Amino acid sequence: DDPRPKYYVLEMFPYPSGRIHMGHVRNYTMGDVVARFKRAMGHAVLHPMGWDAFGLPAENAAVDRKVHPRTWTYENIASMKKQLQSMGLSLDWAREIATCDPAYYKHQQKMFLDFLKAGLVERKQSKVNWDPVDHTVLANEQVIDGRGWRSGAEVEQRELTQWFFKISDYSEELLTALDTLDRWPDKVRLMQKNWIGRSEGLLVRFMLDPATTPNSETELEIFTTRPDTLFGAKFMAVAPDHPLAQAAAAKNPKLAAFIDEAKKIGTAQEAIDTAEKMGFDTGIKAVHPFDPNWKLPVYVANFILMEYGTGAIFGCPAHDQRDLDFVNKYGLGNTPVVCPPTQDPATFVITNVAYDGDGRMINSRFLDGMTIDEAKEEVAKRLERETRGNRPVAQRQVNYRLRDWGISRQRYWGCPIPVIHCEHCGTVPVPAKDLPVTLPDDVTFDRPGNPLDHHPTWKNVTCPHCSGPARRETDTMDTFVDSSWYFIRFTDPWNETAPTTPAVANRWMPVDQYIGGIEHAILHLLYSRFFTRAMHKTGHIDIDEPFAGLFTQGMVVHETYRTKSGEWVVPADVTIEGMGDARTARLTATGEPIEIGAIEKMSKSKKNTVDPDDIIAAYGADTARWFMLSDSPPDRDVIWTEEGVQGAWRFVQRLWRLAGEIAGVSGPVTRPTTFGPEALKVRKAAHRALANVSDDIGRLRFNRCVAHIYEFANALSDAIGEIETAPTPDMAWSLREAGDILVRLFHPMMPHLAEECWAALGHQTLVATEAWPQVEADLLVENTITLPVQINGRKRADVTVPRDAGKSEVEAAVLALDAVQKALEGKSPKKVIVVPQRIVNVVA
RNA sequence: GCGGACGUGGCGGAAUGGUAGACGCAACGGACUUAAAAUCCGUUGGGAGUAAUCCCGUCCGGGUUCGAGUCCCGGCGUCCGCACCA
């Protein structure tokens with residue numbers, strides 16, 4: 001009932017091996033991809049994250065971490081501009097297609113200021129991974145073994161003032177709304193759920209013995225999801241960068257040294273995996289909340305994260321593996337407080353494996369005998385009631401793993417953050433009339449760091465409030481910001497005065513079907529979900545969820561080849577001999593033997609790419625499209641093989657011949673009133689295929705569409721082959737109907753071939769403008785049905801009955817069968833199960 | 001460590017609890033051809049049998065069911081995500 005046409009947003013990200021927008025790509029640049037889209041569709045969208053794929057020679061080297069990125073960032077921009085020009089594309093055109101042009105950024109900056117006003121943006125200190133060579137912040141995935149992925153230098157930990165979007169304010173909302181996204185893959189929803197990482201627990205304020213603390217601190221607040229195990233506590237632990245640890249370290253050089261050591265290991269993932277649990281006893285004593293005489297030692301421990309909870313815990317070794325490892329190392333012992341149902345509380349002990357399963361409380365005073373849930377509730381209730389200094393001792397809290405989205409980047413290439421720092425007025429938004437803040441053209445990349453920061457004049461401005469000297473913010477926005485709302489902007493890209501035209505955006509959004517790679521399961525898709533909510537809050541749109549349907553496509557993958565000396569070789573330069581295990585490869589030009597390596601996602605660095613121009617020259621674009629859709633479901637990877645492409649190519653030829661044969665059939669123009677059995681067979685095959693393909697296209701099951709089209713083409717060939725002289729008029733009409741249907745069925749997958757065939761069949765129109773054919777439902781129903789007959793669950797015979805035969809009729813026909821008679825040996829069956837239209841099972 | 005997905009011929013893969021292997025690739029045999037390519041016809045999960053037909057078969061072991069690739073329990077293996085998250 002919804003009159004809106006469906007539209008699709010295809011990513012134009014540089015993940016060119018993605019199956020639906022085919023891509024990569026030897027000597028093939030993002031610019032080419034965009035130009036092709038532009039030619040094919042009249043418009044295209046280039047996402048800024050695509051810029052770095054803009055075909056520059058240094059890129060591969062940079063990926064291999066051999067060349068410093070500064071050397072190519074600069075070339076990148078120049079090269080991009082040059083390429084646009086060489087393609088005959090004006091900068092106006094670039095503006096039309098790019099989300100990173102000033103017009104787009106004007107609106108993004110306006111929205112940033114709206115978000116700021118609405119409290120969705122925060123500027124705060126945060127700990128970052130700092131690349132000392134490039135002078136930039138590294139994301140976690142850019143840190144490898146404690147080194148920057150491009151510089152290879154040791155990563156530094158730094159405190160930096162950064163801009164954040166307060167996505168964590170939406171943790172609960174983003175989590176619960178996942179349930180409404182019923183056209184998203186479960187996998188993606190689960191990944192987001194885990195990423196948000198909700199856990200319910202209790203904040204508990206432990207008293208400290210002031211005599212033992214460095215500055216007479218009296219209290220340590222911890223977060224726990226297991227308050228039930230409070231009577232199993234053996235120690236307290238705080239993160240190395242916890243204030244208490246820092247304070248203690250100031251008075252204890254040994255502790256300071258320990259903290260330094262722990263921080264070094266901090267960043268490297270592999271080190272974390274293997275790092276031993278280490279702790280340092282501060283000498284501080286904490287008091288158990290239920291027993292003033294029970295003192296617990298406070299450790300600084302390397303496995304406590306400052307970022308999660310309060311950066312402090314109480315350790316219950318019997319029921320937490322990390323805590324158990326810790327006490328076993330430092331000889332603190334353990335007391336089990338939850339007894340599994342199968343164990344005797346009197347004898348239950350923990351040695352090396354913590355127990356985190358269900359059970360009843362033991363060794364826990366007033367909690368004894370309760371279930372875990374009852375005990376959690378009881379502890380929470382008691383501690384909530386108790387107060388100290390006007391505040392309750394404990395407080396229930398929901399904690400999330402999701403942290404705020406840091407959008408600050410020290411890069412030239414990005415949307416400037418539109419604020420001004422004034423000594424007198426503080427942080428001042430750039431007035432609307434001054435938007436957009438544009439990037440200077442004359443930047444230099446002659447030294448590490450942010451070129452905007454180095455620019456002699458750009459950052460010097462006057463304060464909009466007091467007109468005194470002030471400084472522009474030189475951080476730029478993460479390009480994920482750009483990609484978080486472009487699909488909304490596209491609903492009205494001509495609006496010069498506002499980011500969206502709400503009425504239009506509300507009509508079009510949400511996107512009906514979003515298609516992209518699984519690599520965006522978390523970041524891009526979560527950011528977009530947040531951003532849409534933020535736009536809702538600031539009045540730019542009235543919806544919360546941007547993508548109603550999501551489909552994650554697979555990749556095109558290919559064998560890899562390398563020489564004995566380890567250099568990667570392009571498939572086009574390799575000749576394959578033999579088959580199966582005996583396959584060998586050699587370099588076509590020199591005969592040098594080549595090692596055949598793993599099948600991997602097409603990438604420039606491993607050179608296992610095929611050039612679309614080569615394929616198109618040899619087989620045509622339709623063949624390539626057909627092959628990519630035919631072999632496996634689109635959410636899985638497809639292995640690009642020469643044999644597979646040739647198979648597709650043969651079918652293309654066959655369809656063309658078939659169209660020619662049908663075009664040669666002359667027959668009546670008007671529909672005959674009756675059809676003979678042969679003609680009816682053709683029509684049934686056509687409408688069966690039509691029904692199947694229609695259904696499978698709607699469900700994106702393209703490989704099954706392909707199979708149905710093969711089946712239909714086979715049936716059609718057979719029917720034509722059986723005609724001895726000339727077809728009867730009813731047959732001729734049916735063949736032509738079938739031909740028309742066939743062409744329209746494969747048109748979405750092979751548009752060029754379809755248009756050729758359509759013309760060959762004598763049509764004056766374009767298939768592209770034709771309506772999808774209508775199924776004649778009558779043709780899908782057979783008058784008689786052949787049912788398989790099972791005896792004791794094994795197929796023994798078939799029975800053919802009228803379509804509308806009743807159960808008793810079918811049963812009688814089955815019992816009359818020879819095979820059934822023989823199996824029953826004169827006895828009557830115990831049971832006969834008739835599943836209408838499906839199967840019959842006789843239980844002897 | 002936690003979470004998830006998957007496991008079917010030589011290969012990619014079909015199969016709302018109802019004839020396992022659709023469709024394609026590869027292979028083999030045949031027709032056409034001087035020959036090759038292309039095309040067309042046929043065979044192709046394993047085993048027994050002249051044949052009709054029968055037996056075995058969806059990673060392994062159990063279970064539920066008239067009937068299990070599909071559902072349940074327990075293993076093994078592969079892949080993916082998260083990861084010292086209290």
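Everything numeric here is computed off the predicted structure, so don't read it as measured data. Numbered from 1 within each chain, the chains take letters A, B, ... in sequence-line order.
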| query | Do A/R529 and A/Q192 have side-chain atoms, one donor and one acceptor, less than 3.5 Å apart? | reply |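 Looking only at side-chain atoms, A/Q192 and A/R529 do form a donor-acceptor pair, the distance falling under 3.5 Å.
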| Does a donor on one side chain sit under 3.5 Å from an acceptor on the other, for A/T552 and A/D635? |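 Note: A/T552 and A/D635 side chains miss the donor-acceptor criterion.
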Using atom [atom1] of [X] as one end and atom [atom2] of [N] as the other, report the distance to the nearest whole Å.
X: A/L324; N: B/G1; atom1: CG; atom2: P; result: 15 Å
X: A/F651; N: B/U39; atom1: CZ; atom2: P; result: 13 Å
X: A/F235; N: B/A86; atom1: CZ; atom2: P; result: 15 Å
X: A/K795; N: B/A15; atom1: NZ; atom2: C1'; result: 15 Å
X: A/Y308; N: B/C82; atom1: OH; atom2: C1'; result: 13 Å
X: A/R704; N: B/A22; atom1: CZ; atom2: C1'; result: 9 Å
X: A/I839; N: B/C66; atom1: CD1; atom2: P; result: 15 Å
X: A/E307; N: B/C82; atom1: CD; atom2: P; result: 17 Å

Taking any heavy-atom pair under 4.0 Å as a contact, classify [X]: base, sugar-phosphate, or nothing.
X: A/D798; value: nothing
X: A/V835; value: base
X: A/R796; value: sugar-phosphate
X: A/I222; value: nothing

With both distances kept under 3.5 Å, what pairs with [N], Watson-Crick or G-U wobble?
N: B/C66; answer: B/G18
N: B/A52; answer: none
N: B/G77; answer: B/C6
N: B/C40; answer: B/G30

| said: Checking side chain to side chain contact (heavy atoms under 4.5 Å, CB included) between A/T229 and each of A/T335, A/V337, A/D320, which is the one that passes? | reply: A/V337
Inter-nucleotide [atom1] distance ([N], [M]), Å rounded:
N: B/G9; M: B/G57; atom1: P; result: 14 Å
N: B/C71; M: B/C56; atom1: C1'; result: 24 Å
N: B/G77; M: B/G63; atom1: P; result: 24 Å
N: B/C11; M: B/G46; atom1: P; result: 12 Å
N: B/G18; M: B/A68; atom1: P; result: 11 Å
N: B/A31; M: B/G24; atom1: P; result: 24 Å
N: B/A36; M: B/A48; atom1: P; result: 34 Å
N: B/C79; M: B/C59; atom1: C1'; result: 15 Å

Answer yes or no: does a side-chain N or O of [X] lie under 4.0 Å from OP1 or OP2 of [N]?
X: A/R701; N: B/A15; answer: yes
X: A/R650; N: B/G24; answer: no
X: A/R838; N: B/A15; answer: no
X: A/N399; N: B/C85; answer: no
X: A/N692; N: B/C23; answer: no
X: A/Y710; N: B/G24; answer: no
X: A/R636; N: B/G13; answer: yes

| Is the A/F627 to A/W649 ring centre distance short of 6.0 Å? |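 Ring-ring flag for A/F627/A/W649: false, centres at least 6.0 Å apart.
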| field | Aromatic ring proximity, centroids under 6.0 angstrom, A/F235 and A/F326 | value | yes
Taking the side chain of [X] as its heavy atoms from C-beta onward, which of [options] lies nearest to it?
X: A/I833; options: B/C55, B/G12, B/C66; value: B/C66
X: A/F303; options: B/G13, B/G4, B/C84; value: B/C84
X: A/N841; options: B/G67, B/A86, B/A26; value: B/G67
X: A/R322; options: B/A22, B/U19, B/C85; value: B/C85
X: A/R401; options: B/C82, B/C84, B/A86; value: B/C82
X: A/F223; options: B/A86, B/G67, B/G4; value: B/A86
X: A/E711; options: B/G13, B/A26, B/C23; value: B/C23
X: A/P633; options: B/G13, B/C40, B/U19; value: B/G13
X: A/R657; options: B/G3, B/C40, B/C85; value: B/C40
X: A/D718; options: B/C56, B/C41, B/G67; value: B/C41

| query | If you count the non-hydrogen atoms of other residues, nucleotides and ligands that lie under 6.0 Å from NZ in A/K329, is the total more than 12? | reply | yes
Mind telling me whether [Y] and [X] have parallel, tilted or perpendicular rings, with 30° and 60° as the class edges?
X: A/Y330; Y: A/Y299; result: tilted
X: A/F280; Y: A/F258; result: tilted
X: A/H288; Y: A/F206; result: perpendicular

| query | Toward the 5' end of RNA chain B, which comes first, A/D323 or A/D356, by nearest nucleotide? | reply |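 Upstream on the strand: A/D356.
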| query | Taking for each residue the nucleotide of RNA chain B bearing the nearest heavy atom, is the 5' side occupied by A/L190 or by A/Y400? | reply |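 With A/L190 and A/Y400 compared, the 5'-side residue is A/L190.
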Which pairs of donor and acceptor atoms, one on a side chain in residues 784-797 of chain A, lie under 3.5 Å apart (sequence neighbours left out)?
| residue | atom | partner | partner atom | Å |
| --- | --- | --- | --- | --- |
| A/T786 | OG1 | A/T800 | OG1 | 3.1 |
| A/N792 | OD1 | A/A844 | N | 3.0 |

| Chi-based syn or anti call at B/G77, which uses purine or pyrimidine torsion atoms and a 90° bound | anti
| request: Kindly state each residue pair satisfying salt bridge (Lys or Arg N to Asp or Glu O under 4.0 Å) with at least one member in residues 188-198 of chain A, sequence neighbours excluded. | output: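 Salt bridge (Lys or Arg N to Asp or Glu O under 4.0 Å) check on residues 188-198 of chain A returns A/E172-A/R198, A/D186-A/R189, A/R198-A/E200.
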Would you tabulate the nitrogen or oxygen pairs shorter than 3.5 Å linking the protein to nucleotides 78-80 of chain B?
| residue | atom | partner | partner atom | Å |
| --- | --- | --- | --- | --- |
| B/C80 | O2' | A/K187 | NZ | 3.1 |

| task | Without swapping roles, check the side chain of A/S632 against the backbone of A/D637 for a donor-acceptor pair under 3.5 Å. | result |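 A pair under 3.5 Å: yes.
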